[in-house]
Amino acid sequence: MPSSIRILTAVPICDGHDSAINTINLEFIRHGIEVVYLGFHRYVGDIVRAAIQEDVTAIGISSYNGGHIEFFADVVRQLKKKGADNIAVFGGGGGTITHDDAREMKRKGVDQIFFAGTSLTEMADYVRRQYAKGGKRRASSKPDLALARKLSEIEDAAAKGRKHRTPNTECRTSKVIGFTGPGGAGKTTLIDEIVLRFLQRKPKTRIAILSHDPSVIGEGALLGDRAMMINSQDDRVFMRSMATRGQAGGLSPATESCLALLARSGFDYVIIETVGTGQEALPFRNNLVDQTVLVMNPDYGARLQLQKIVMLDVADIVVVNKTDLERAKAALSEIEQRLTQNKRKQQVVATVAKRHRDPGVDELFELITKAPSSRAKSRDPDA
Amino acid sequence: MSKLGAVVEAVEKHGLFVLEQVKGARSDEKFAHAVTERWNKIKAETPIAKAPTGLPLPRFALPEIDEPGEIARYLFGEGLPGEFPYLNGAYREMYLEPLREIETGSYGVRAGRAAKSPNGSSEAVAARVSRAKAPERPPLQEEPTRLFSGLMLAEDTNKRFHFLSAHQRSKRLSTAFDGPTLYGIDSDADGVFGKIGEGGVAVDTVEDMVRLYDGFELGAPNFSASMTISGPAPIIMAMYIAAAKRRFGPKVVPNLRGTIQADIFKEVQAQNETIFPTEASLRFLCDMIEWTTANMPRWYPVSISGYHIGEAGATPVQQAAYTLSNGFAYAEMLTARGVPVAQFAPRLSFFLDCGLDVEYIALARVSRKIWAIGMRDVFGANARGQMFKLHTQTSGRSLIAAEFKNNLTRTAAELMLAYMNGTNSCHSNSADEPFTTPSEEWIRLAAHGQAILLEESGIFKHTMNMLSGSPGMKAVERAVEKAILDEFREIESLGGVLAAVENRYQRSQIQNAAHRYEQQIYDGTRPIVGLNRYRNGADEMPEIELARTPRAKQKLQVERLKKFKKKNAEKSKRALDKLATVVERGENCFPALLEAVEVCSLGQITGRLQEIVGRFRPMV
Ligand code: B12
Ligand SMILES: Nc1nc2c(ncn2[C@@H]2O[C@H](COP(=O)(O)OP(=O)(O)O)[C@@H](O)[C@H]2O)c(=O)[nH]1
Ligand SMILES: [Mg+2]
């Protein structure tokens, strides 16, 4: 089975016209393309960084608010500067990009501009034709680029059913933290808030994030976490979005190997987010992570439901997020009670991840940075 | 239950109430008599005016009904123009030409003030019939045309404003801001240089605001300014007030007239210009509404907008349902803050899209009715607070690049629908909409399109209700009303507007509708002339002048801003600290904003506020 085509899409800075790109994303996914969507109102630097880390073959930009000639050219220029000129740039902007503009943009290195009136399938076909993998890629000395490509190789091997050699966890130099829990509980938001604290309080720490979105084998996926994770778009953060490609349980077939690679690639922390998991899920097996954070939504239903959540037995930290909601108080005490059964040291933290400077998130940050890593030889460069 | 659930109940109850009146008029002789008497009186008192051809016409058309039940259904169910529930119009005369020749009756006799009837006991019934008294006509007859413009720097837009309003009795300016301004970013910030003055005017400081409206009497009764900005609206509002004070002194403030868009819900749902987290944005918005409704009684501090929802691809029903529910959510929030409904309700206004889908025949009519019932029965608003004051814009998205001159016809058809719906003001898009900020040639045609419809043609100027109430229109009204209430129920079941917004409900619904719309274009279910029908093949591009901002102008803006910042370096620090303290304490921050804008730039203020409340976390 051919490995999936991966592209990144975004809308330029000071532009919120996302209707076209949302539609195009949906269409690409229908045509089996994996789309990492960075969102609207995005800087050139953020787009280029993301494209490199995600190792996409092309960047699709939808621009409506003018300044497209400069913006597209700037993306091309910065890609080149970063040694990533194998990544193609294409896009559209309805009638705001004239034919003359498009010619000039092509001269400046843009691959293709789609004008108003192009059918959706035409665009998807173009991407499948032009941006399937296999283009020649020079070996790179730039660390992000080399790492990103290595991760793709692992993913591709996994897609072909070959298991990449998994180096044993002993060579880890990073502390690995796993976030899991039901969809919508606030995992992504929490991770981004944790990252913000790292960036503000630990000027030397480098972080890698491995985030997952569900997908079916051979089909496309919308990898949209980056759009929400505004703080994580930073040079000290390496983020990679993965589609589960048909694997149940919250992770992708390549997760384990990718994680092993990231954990010995010079990051101080590697944070991994599973897709939204069900009650029976136990996504982190075989010492995959050093610390497990289970994020709960206070709306889990009746108390009885808690008995069935297996992760509650093994999580190191249980976060009850959305404690701004009415049901939070009850949920918190029910969960605390449930944990007493386990008779082991588990921490419970109440958070409101969506609130800026939330003290609960501060507490979680402390727990993550203070707890000694079980066996990894990692150390906190800012300690 | 949020207030939205109560609105659904109120609308249903009103439906039952109307049915009761119909039955009553058919069974209760006295009531039937009162109803019929009022009906005849309204007709008798309707002035007759002559069209230029000499044809005499009533200024006010009513259905030809004489059966009391049907009369009751009309009077209670839709109301005369200017009467509850305002289905036919928020005001009595709207676009009518001033009266010249009157043959019978006279303007000014209040509809429904029934004379003492012979069998005196029907007084009470008559009072019931005339409960909603017709509101006064706005004192000044203004042109409903209002064209959105903004380009390059403040002085360039100022020139455009003078060009556009040169021949108008009333100066109604509508301001578009450029990207950096819309996102609360300064022109000298990294990465935005090329965006300065694109798509709208660049405003960084109070000094730009002074330049922008130079030469206009901001406090004059025939002047009003509209500003299309929402994320940083409270800051821009403060700048406008500060600029007005600089030019005309503090006494001008209560006289300021205009509208600022400021609607945050639709930003999160559709336009994507939220800059603070949703709740913080809503708080700053309410701070501003509270302050302006208390100190600027003629200002509209929020324009609750469906336009962007529609343009993002929502169906017309989604557009109306989300807009109305957003409106009710604001009313609920302001009430919860203790702002009296009599203070804020009359200052809420609305902004809808008008495209070519059949729903637009009646969308605004139904919206007016639902708003009136909800505001009266759930929020206890008086007549002025029940009125859905509407600005309409024809659909930009319906205008396409292929054979773009067809856009003139599309816009004309949409204008027709908008005025059939009794919009209070209207923007008609230029035919070059798909390409650029309108050039003068096409903007002129767009403005003239309205004049042709309203002044040249006799469609709207002789008779109110000219195009109201056809069976087809009624059928659309019923279907649309039902569908809107169903949407309300869905939102209510998700926990109300704010919860639904945070769950991405509206966003995902809009995106699905947009995707469906585009697919329909290419599978042919949505015929679009020049695109998938009657295509001539030639890829015609217009010979239009593209409004692109020269680099020299962009540089000038950056230089001016740097100078301003340098000049105010000391003072701005103090002002920002003070603002921060007020925000941290949870007090109304608007007075502190008014001080801050004197010495701080937009970006400085945004930045400081974001340090305290955080940045907006976008939703996919
Ligand atoms: C819809 C719309 C809006 C909506 C956006 C809703 C949303 N969430 O997207 C709303 C009402 C919110 C809006 C607001 C504004 N808008 Co607007 N908007 C439009 C409009 C009407 C249609 C654009 C659209 O989405 N079309 C539908 C798409 C699917 O079709 P398409 O454009 O033909 O694109 C096709 C191809 O180009 C291609 N394509 C497009 N992008 C990409 C990307 C990739 C990767 C690929 C492969 C293909 C591709 O696919 C499409 C399908 O064939 C255009 C005018 C017009 N008629 O085009 C103005 C327009 C783009 N807007 C404009 C402006 C100025 C604004 C504002 C700045 C106004 C203001 N000052 O307040 C704001 C800013 C909003 C913001 N946050 O940035 C200007 C831009 C002017 C310029 N560049 O010189 C335009 C041209 C209107 C005008 N003439 O003034 N707008
Ligand atoms: N009420 C509330 N909503 C939150 C909070 N944290 C996150 N959310 C919202 O919950 C939704 C899902 O968050 P996300 O981080 O994507 O959850 P995930 O699926 O677990 O990754 C988003 O709309 C967030 O804005 C919180 O503390 N309170
Ligand atoms: Mg997530």
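Here the structure is a predicted model, which is why all the values come from computation and not from measurement. Heavy atoms only: backbone and side chains are in, while hydrogens, waters and symmetry mates are out. Throughout, protein chains are lettered first and strands after them, A, B, ... in sequence-line order, and every chain is numbered starting at 1.
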remark   = Most heavy-atom pairs under 4.5 Å with chain A, out of Arg615(B), Met619(B), Glu311(B), belong to Arg615(B)
inquiry  = Is Glu267(B) in contact with chain A via its backbone, its side chain, both, or neither, using a 4.5 Å heavy-atom distance?
reply    = neither
query = Can you say whether Gln554(B) sits under 4.5 Å from chain A via the side chain, the backbone, both, or neither, judging by heavy atoms?
reply = neither
message = At a 4.5 Å cut-off on heavy atoms, which part of Asp190(B) comes close to chain A: side chain, backbone, both, or neither?
response = backbone
request  = Specify the closest pair of heavy atoms between Tyr522(B) and Thr118(A), including all atoms of both residues, with the distance to one decimal.
outcome  = OH-O, 3.1 Å
remark   = Residue from His308(B), Gln610(B), Gln519(B), Arg516(B) scoring the most non-hydrogen pairs under 4.5 Å with chain A is Gln519(B)
ask   = Are Ile13(A) and Lys195(B) close enough that some pair of their side-chain heavy atoms sits under 4.5 Å apart?
value = yes
key: Closest contact, heavy atoms only, Val620(B) versus Ala227(A)   = CG2-CB, 3.8 Å
Which of Glu70(A), Glu122(A), His17(A), His41(A) touches chain B most, by non-hydrogen pairs under 4.5 Å = His41(A)
task = Calculate, to the nearest 0.5 Å, the distance between atoms CG and CG belonging to Asn272(B) and Asp15(A) respectively.
result = 9.5 Å
remark   = Comparing Ile612(B), Asn512(B), Thr278(B) against chain A, the one with the most heavy-atom pairs below 4.5 Å turns out to be Ile612(B)
ask   = Rounded to the nearest 0.5 Å, how far does CD of Glu433(B) lie from OG1 of Thr96(A)?
value = 11.0 Å
ask   = Tell me, side chain or backbone of Thr121(A) under 4.5 Å from chain B's heavy atoms, or both, or neither?
value = neither
task = Take Glu279(B) and Arg355(A), measure what salt bridge (charged side-chain N to carboxylate O under 4.0 Å, His left out) needs, and give me the verdict at the end.
result = CA-CA 9 Å; Glu279(B) 274 160 282; Arg355(A) 189 191 294 151; over 6 Å; no
key: Leu531(B) portion near chain A, given a 4.5 angstrom heavy-atom threshold   = side chain
message = Taking CZ in Arg357(A) as the centre, count heavy atoms belonging to other residues, nucleotides or ligands within less than 6.0 Å. Is the count above 12?
response = yes
note = Phe114(A) meets the ring-ring contact (aromatic ring centres under 6.0 Å, His included) criterion, sequence neighbours left out, with Tyr126(A)
query = What heavy-atom pair brings Arg617(B) and Asn231(A) nearest, and what distance separates the two atoms?
reply = NH2-ND2, 4.1 Å
note = When the 4.5 angstrom heavy-atom criterion is applied to Ile521(B) and chain A, the contacting part is neither
request  = Over all heavy atoms of both residues, which pair between Glu198(B) and Gly66(A) is shortest? Give the atoms and the distance, please.
outcome  = OE1-CA, 3.8 Å
request  = Taking the side chain as every heavy atom from C-beta outward, state whether Arg42(A) and Pro618(B) have any atom pair closer than 4.5 Å.
outcome  = yes
Among the listed options Val11(A), Asp18(A), Ile24(A), the residue most often paired with chain B at heavy-atom distances under 4.5 Å = Asp18(A)
ask   = For Glu27(A), is it the side chain, the backbone, both, or neither that has a heavy atom closer than 4.5 Å to a heavy atom of chain B?
value = both
Considering all heavy atoms, the nearest Ile185(B)-Tyr43(A) contact = CD1-OH, 4.2 Å
request  = Output the distance between atom CD (Glu502(B)) and atom NZ (Lys354(A)), rounded to the nearest 0.5 Å.
outcome  = 3.0 Å
ask   = Which pair of non-hydrogen atoms, one from His515(B) and one from Leu120(A), has the smallest distance, and what is that distance?
value = CD2-CD1, 4.3 Å
task = Decide if atom CD of Gln200(A) counts as having more than 12 heavy atoms of other residues, nucleotides or ligands within a radius under 6.0 Å.
result = yes
request  = Please check if any side-chain donor atom of Asn22(A) sits under 3.5 Å from a side-chain acceptor atom of Arg507(B), or the reverse.
outcome  = no
query = Which of these passes side-chain hydrogen bond (donor to acceptor under 3.5 Å, both in side chains) with Ser19(A): Gln511(B), Arg397(B), Glu518(B)?
reply = Arg397(B)
key: Which portion of Arg30(A) sits near chain B, non-hydrogen atoms under 4.5 angstrom   = side chain
